[in-house]
Amino acid sequence: ATCHDFPPARCLSLIHSALGMNDLDVEIQSILLWDPSARIAARYQRGHVFLVGDAAHAIPPWGGFGLNTGIHDAHNLAWKLAAVIKGEASSSLLSTYEVERRPVALRLSTIAGAMQDERGFVKHLGWST
């Protein structure tokens with residue numbers, strides 16, 4: 001699909017239909033397509049700069065993998081930074097952050113990708129409703 005497949009009149013119709021409110025005054029300001037693809041940074045650390053959470057990875061929202069991965073990233077880096085700052089560990093400990101966290105994001109992005117169909121929607125996974 002392209003933006004041409006979604007002219008303003010069609011978008012208004014979809015919005016009104018989804019909300020069940022045909023008389024709602026809606027102003028379309030822009031029309032952009034959302035690409036639910038996963039993107040993982042090639043590096044999580046360069047010198048004293050670290051990428052954490054959405055800065056390090058964009059994972060489609062199904063399953064909550066992106067949010068949970070970001071929380072775990074922050075926890076992993078926070079305790080390491082605290083240990084180094086307090087002098088309880090050498091700065092080499094910080095180099096383990098990318099080694100530990102990037103593979104997790106790669107694996108979870110693969111799982112999230114497998115959960116979507118060719119249109120970018122979540123597949124029916126046999127869950128009972």
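By convention here, the first residue in the shown sequence is residue 1.
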Self-check item: Atom pair OG/CG of Ser91 and Leu81 - distance to nearest 0.5 Å
Solution: 11.0 Å

Self-check item: Val99 reachable from Leu108 in the ILVMFWY side-chain graph, under 4.5 Å edges
Solution: no

Practice problem: Please report the closest heavy-atom contact between Ala105 and Ile59, naming both atoms and the distance. | Solution: O-CD1, 4.0 Å

Quiz item: Is it true that a side-chain atom of His16 and a backbone atom of Leu24 form a donor plus acceptor pair closer than 3.5 Å?
Solution: yes

Practice problem: Find out whether Phe50 and Leu94 are in side-chain contact, i.e. whether some heavy atom of one side chain is under 4.5 Å from a heavy atom of the other. | Solution: yes

Quiz prompt | His75 and Lys80, any side-chain heavy atoms less than 4.5 Å apart | solution = no

Exercise. Grab the two heavy atoms, one from Cys11 and one from Ile28, that are nearest each other, plus how far apart they are.
Key: CB-CD1, 4.0 Å

Quiz item: For the residue pair Leu51 and Tyr97, what are the closest heavy atoms and their distance?
Solution: O-OH, 2.7 Å

Quiz item: Looking only at heavy atoms, what is the nearest atom pair of Phe6 and Ile31, with distance?
Solution: O-CD1, 3.2 Å

Quiz item: Linking I/L/V/M/F/W/Y whenever any side-chain heavy atoms sit under 4.5 Å apart, do Leu106 and Leu77 land together?
Solution: yes

Practice problem: Spell out, as yes or no, whether a donor-acceptor pair under 3.5 Å connects the side chain of Arg43 to the backbone of Glu98. | Solution: no

Quiz item: Which heavy-atom pair separates Val84 from Ser90 by the least distance, and what is that distance?
Solution: CG2-O, 3.4 Å

Practice problem: Nearest 0.5 Å please: distance from the CD atom of Glu100 over to the OG atom of Ser95. | Solution: 9.0 Å

Quiz item: Could you go step by step and tell me if Trp79 and Leu93 meet the side chain to side chain contact (heavy atoms under 4.5 Å, CB included) rule?
Solution: CA-CA 10 Å; Trp79 76 261; Leu93 176 64; 3.9 Å; yes

Self-check item: Closest contact, heavy atoms only, Gly70 versus Val52
Solution: O-CG1, 4.1 Å

Practice problem: Determine, step by step, whether Arg107 and Ser109 satisfy the side chain to side chain donor-acceptor pair (under 3.5 Å) criterion, reporting the C-alpha distance in whole Å, the side-chain angles of both residues, the deciding distance to 0.1 Å, and the verdict. | Solution: CA-CA 5 Å; Arg107 178 69 181 128; Ser109 68; over 6 Å; no

Quiz prompt | Distance (rounded to the nearest 0.5 Å) between Leu14 CG and Arg10 CZ | solution = 5.5 Å

Self-check item: Trp62 side chain vs Met115 backbone, donor-acceptor pair below 3.5 Å
Solution: no

Self-check item: Side chain proximity check, Asp5 to Thr2, heavy atoms < 4.5 angstrom
Solution: yes

Quiz item: According to the interplanar angle, ranging from 0 to 90°, do the rings of Tyr44 and His57 count as parallel (below 30°), tilted (30 to 60°) or perpendicular (above 60°)?
Solution: tilted

Practice problem: Output yes when a side-chain donor or acceptor of Asn76 lies under 3.5 Å from a complementary backbone atom of His72, and no otherwise. | Solution: no

Quiz item: Taking side chain as C-beta onward, heavy atoms only, is Phe65 less than 4.5 Å from Val104?
Solution: no

Quiz item: Does Thr69 reach the side chain of Arg101, with side-chain heavy atoms less than 4.5 Å apart?
Solution: yes

Quiz prompt | Note, Gln45 side chain near Val49 side chain (heavy atom, < 4.5 Å) | solution = no

